[in-house]
Amino acid sequence: MSVLSETVRRCIRAEVQAMHPYHVQPSAGFVKLDAMENPFTLPDALQVALGQRLGRVALNRYPGSRIDDLRTALAARLGLTPDAGLVLGNGSDELITLLSVACARPGVTVLSPVPCFVMYEVSARLQGLQFVGVPLRPDFELDEPAMMAAIVAHQPALIYLACPNNPTANLFDVGVVERIVQAAPGLVVIDEAYQPFASRDHVEMAFRHPNVVVMRTLSKFGLAGVRLGYLVGPREWCDELDKVRPPYNVSVLNAEAALFALEHADEFDRQARVIREQREHLTHALRALGLQPFASEANMILVRCPKATEIFAALKRQGVLVKDVSLQHTLLANCLRLTVGTPQENDLLISALKAVL
């Protein structure tokens, strides 16, 4: 073993050495349907207007009052009352990290149904917290008795419920969610990353229960490259979370781009409508091919197919990139996750699937 390797082994925590970095598939030259991005760019006129606006931003100054303007704009879009709390993050990933940091005490447990967004577990383990995953039912609904038993056994400080869930794309039964909230001894984080494509939201729940916060991101809204997430809920929770937030975690460029997007929310809402329509079109096409797409409330579709890994590789050879999730959990055996793209991209996916099958 080299001197450098020995130094790394001695200095880096064992659990970090045992981990694997988050893998992003190379996508240049592919029809990119693997990462749940909004496939639409801004219309030309809005691109020009945004470019001019960003060009006037004072890059020589630290972020200042425009961050407060962004909080105000987000609160107005959600219809929040003045006493509500709102915390900004560099994407939802940072907010998940801040939650883990704020709750990092010896013996603390983080609980989530699985399969779920991988960063809940990654963030918990990086902060030395125990992560407990409770398998979903075969229909991807919450296993209420198992969740309740895990709550009693582990007394989690944090419970994550992604609504819609990733990668299964379904909304959990609202009655079960309510009962989990009532049983939780700590904070319940309802992750609404895919809310623009869902039939309901849970914001009101954050102000009906003292132990609920709702987390959202502008990534699925159409600004994945901007990296901006936000968390809303009772001010008492948000004030504590704000203490561990880096002072300048949202850049002036991120804030200005987000403000611009909120001012032109009608365009992003139009894009979301098209994606929802295309989701139904793609679901019907997948069924017609003899595959098993699951009902989706997000901008992705989980589909079960024979020999998923082979189909994934064959689609890649056809120039179409999707996500093979078949090895992530036993419940996802033979499953691929498909992002809903533009009408043209979806037609290319269907054509490629016909050729492969």
Side-chain angles (χ1 to χ4, degrees), residues 13 15-16 19 21-22 62-64 66-68 70-72 74-75 78 80 83-112 116-133 156-163 166 181 184-195 202-203 205-207 209-221 223-224 226-255 258:
R13 288 160 45 195
E15 59 267 38
V16 174
M19 294 174 69
Y22 190 93
Y62 286 115
R66 287 303 268 169
I67 306 301
D68 295 329
L70 176 56
R71 287 195 186 93
T72 300
L74 287 168
L78 292 172
L80 301 184
D83 61 336
L86 191 153
V87 181
L88 295 176
N90 191 268
S92 292
D93 290 349
E94 185 183 40
L95 292 170
I96 294 167
T97 297
L98 296 181
L99 286 161
S100 295
V101 170
C103 295
R105 291 181 291 107
V108 162
T109 295
V110 176
L111 180 71
S112 174
C116 65
F117 184 39
V118 297
M119 293 309 295
Y120 305 151
E121 179 175 1
V122 169
S123 178
R125 295 196 185 283
L126 283 174
Q127 299 304 324
L129 308 178
Q130 179 186 11
F131 178 83
V132 173
L158 283 174
I159 298 176
Y160 286 101
L161 297 174
C163 300
N166 174 16
V181 166
L187 181 65
V188 178
V189 182
I190 300 181
D191 186 350
E192 290 193 335
Y194 302 94
Q195 197 284 320
H202 302 77
V203 170
M205 196 178 287
F207 300 99
H209 296 284
N211 64 327
V212 174
V213 295
V214 171
M215 187 167 60
R216 288 190 181 178
T217 176
L218 293 187
S219 292
K220 315 310 172 187
F221 186 70
L223 301 179
V226 169
R227 309 308 302 134
L228 198 138
Y230 56 101
L231 179 147
V232 299
R235 184 170 291 277
E236 184 179 13
W237 287 105
C238 293
D239 285 349
E240 295 302 311
L241 195 58
D242 225 18
K243 295 175 183 178
V244 296
R245 179 184 59 81
Y248 301 120
N249 64 326
V250 175
S251 80
V252 288
L253 290 173
N254 291 20

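Computed over heavy atoms, backbone and side chain alike; hydrogens, waters and symmetry mates excluded. From a predicted model like this one, the values you see are computed outputs, not experimental measurements.
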* Do you know which two heavy atoms are closest between Ile159 and Ala184, and how far apart they sit? -> CD1-CB, 3.7 Å
* Structure fact -> Minimal heavy-atom distance between Val232 and Cys238, with the atoms involved, is C-SG, 4.4 Å
* Tell me, do Tyr120 and Val189 make a side-chain contact under 4.5 Å, heavy atoms counted? -> no
* **Sequence-distant partners of Arg71, salt bridge (Lys or Arg N to Asp or Glu O under 4.0 Å), two or more places apart** => Asp68
* Asked: Distance-only, no hydrogens or angles: does the Asn249 side chain make a donor-acceptor pair with backbone N or O of Leu88 under 3.5 Å?
  -> yes
* Spatial distance of atom CG (Leu129) from atom OG1 (Thr109) [nearest 0.5 Å] -> 8.0 Å
* Structure fact -> On a heavy-atom basis, the closest approach of Tyr230 and Thr217 is CE2-N, 4.5 Å
* Structure fact -> The reported gap from CG in Leu95 to CE in Met119 (rounded to nearest 0.5 angstrom) is 12.0 Å
* Inter-residue atom distance Leu98.CG - Gln127.CD, 0.5 Å rounding -> 9.5 Å
* **side chain to side chain contact (heavy atoms under 4.5 Å, CB included) evaluation trace for Leu241 with Leu231** => CA-CA 10 Å; Leu241 195 58; Leu231 179 147; 3.9 Å; yes
* To do: Please name all residues satisfying salt bridge (Lys or Arg N to Asp or Glu O under 4.0 Å) with Glu94, sequence neighbours left out, ordered by chain then number.
  => none
* **From CD (Glu121) to SG (Cys116), nearest 0.5 Å** => 7.5 Å
* Any side-chain heavy atom of Leu80 sitting closer than 4.5 Å to one from Phe207? -> yes
* Using a 4.5 Å cut-off on heavy atoms from C-beta on, say whether the side chain of Val213 contacts that of Pro234. => yes
* Asked: Is a donor on one side and an acceptor on the other found under 3.5 Å between the side chain of Glu192 and the backbone of His202?
  -> yes
* **Side chains of Val122 and Phe117 in contact at under 4.5 Å (non-hydrogen atoms)** => no
* To do: Not counting sequence neighbours, which residues clear side chain to side chain contact (heavy atoms under 4.5 Å, CB included) with Ser123? List them please.
  => Ile96, Thr97, Ser100
* Nearest heavy-atom neighbours spanning Phe131 and Arg125 -> O-NH2, 3.7 Å
* Asked: Is there side-chain contact between Leu158 and Val108, with heavy atoms separated by less than 4.5 Å?
  -> no
* Do Leu218 and Val226 have side chains that get closer than 4.5 Å, going by heavy atoms? -> no
* **Test log, rule side chain to side chain contact (heavy atoms under 4.5 Å, CB included), inputs Asp191 and Asn166** => CA-CA 10 Å; Asp191 186 350; Asn166 174 16; over 6 Å; no
* Flag, side chain of Asn211 to backbone of Val181, donor-acceptor distance under 3.5 Å -> yes
* Structure fact -> Rounding to 0.5 Å, atoms OH (Tyr160) and CG (Leu187) come to a distance of 8.0 Å
* Please examine the side chains of Val214 and Leu78, heavy atoms only from C-beta on, and report whether any two atoms are closer than 4.5 Å. => no
* **Beyond-backbone contact of Arg227 with Asn254, side-chain heavy atoms, under 4.5 angstrom** => yes
* Asked: What heavy-atom pair brings Ile67 and Ala255 nearest, and what distance separates the two atoms?
  -> CD1-CB, 3.6 Å
* Within the side chain of Arg216, is there an N or O that forms a donor-acceptor pair under 3.5 Å with the backbone of Ala193? -> no
* To do: Could you pull out the closest heavy-atom pair between Asp83 and Arg235, with the gap in Å?
  => O-NE, 3.3 Å
* Rounded to the nearest 0.5 Å, what's the gap from CD on Glu240 to CZ on Arg245? Could you check? => 13.5 Å
